[in-house]
Amino acid sequence: MNPNKNSNKSFQFAIITIVSVLIFVLFQFLAANNNISEDIYTYASSFMLSIIFVAVIAGFIYSIKGLREPISVKKIIGLCVASIFTLILIGVVIANVTDIYDF
């Protein structure tokens, strides 16, 4: 049995999150240059944001579960990426709630 099971899953979700963010940025770039239609951009970016949302939450959960595992590079990368994106996610949610409250 692999002793770093949760750390490896956290690392995998970190990679999924980073790749999804890069694909989202690519769609932003293509939409800004009018290389894709607005409908394709809307559906694709919504799908990518959903994947990012799920991957960030799952990666953070596995990072927390893996805190007691031995230290490895994958553990540190997974924990850092999950923590950074979780803080960004919390900040976006708080900003949206305050915007709704001010409206």
Side-chain angles (χ1 to χ4, degrees):
M1 183 169 185
N2 188 359
N4 295 333
K5 185 175 116 178
N6 290 320
S7 296
N8 286 337
K9 285 186 180 182
S10 171
F11 179 74
Q12 290 171 349
F13 279 112
I15 297 299
I16 291 170
T17 303
I18 292 170
V19 169
S20 299
V21 167
L22 292 176
I23 292 172
F24 178 75
V25 170
L26 175 69
F27 279 119
Q28 290 276 352
F29 179 74
L30 291 174
N33 291 329
N34 293 324
N35 292 337
I36 59 173
S37 69
E38 188 175 333
D39 290 335
I40 293 173
Y41 166 71
T42 301
Y43 293 126
S45 64
S46 299
F47 179 70
M48 294 312 300
L49 285 176
S50 299
I51 290 175
I52 292 168
F53 186 78
V54 170
V56 165
I57 292 173
F60 187 72
I61 290 170
Y62 282 115
S63 292
I64 297 301
K65 284 183 176 182
L67 284 177
R68 293 188 180 152
E69 295 175 358
I71 295 177
S72 67
V73 174
K74 286 184 177 182
K75 176 183 177 178
I76 294 171
I77 291 172
L79 185 62
C80 289
V81 170
S83 299
I84 290 169
F85 278 105
T86 302
L87 290 174
I88 291 171
L89 185 66
I90 290 170
V92 168
V93 169
I94 290 173
N96 285 334
V97 169
T98 56
D99 284 346
I100 290 171
Y101 179 73
D102 291 340
F103 181 68

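Note that the structure is a prediction, hence the values are computed from the model and not measured.
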Approximate separation, where rounding is to 0.5 Å, of [X] [atom1] and [Y] [atom2]:
X     : Y     : atom1 : atom2 : answer
Leu87 : Ile84 : CG    : CD1   : 8.0 Å
Lys74 : Phe11 : NZ    : CZ    : 6.0 Å
Tyr62 : Asn6  : OH    : CG    : 7.0 Å
Ile88 : Ser83 : CD1   : OG    : 11.0 Å
Ile94 : Thr98 : CD1   : OG1   : 8.0 Å

Single-linkage hydrophobic cluster [X]~[Y], side-chain heavy atoms < 4.5 angstrom:
X     : Y     : value
Phe47 : Ile36 : yes
Val81 : Leu49 : yes
Val73 : Ile18 : yes
Phe85 : Ile76 : no

Contact summary for Ala44 and Phe27, nearest pair of heavy atoms
CB-CZ, 3.5 Å

Heavy-atom nearest pair, Gly78 first then Ala14, reads CA-CB, 4.1 Å

Give me the one residue out of Lys65, Lys75, Glu69 that meets side chain to side chain donor-acceptor pair (under 3.5 Å) with Ser7.
Glu69

In the hydrophobic cluster built from side-chain contacts under 4.5 Å, what are the other members alongside Leu79?
Phe60, Ile64, Leu67

Just do the side chain to side chain contact (heavy atoms under 4.5 Å, CB included) check on Ile52 and Leu89 with the steps written out, would you?
CA-CA 10 Å; Ile52 292 168; Leu89 185 66; over 6 Å; no

Name of the residue among Thr17, Val21, Leu22, Ile15 meeting side chain to side chain contact (heavy atoms under 4.5 Å, CB included) with Val19:
Ile15

Can a donor-acceptor pair be found, under 3.5 Å and without considering hydrogens, that links the side chain of Ser45 to the backbone of Thr42?
yes

Decide if atom CZ of Phe53 counts as having more than 12 heavy atoms of other residues, nucleotides or ligands within a radius under 6.0 Å.
no

Side-chain heavy-atom pair Tyr41, Leu30 within 4.5 angstrom cut-off:
no

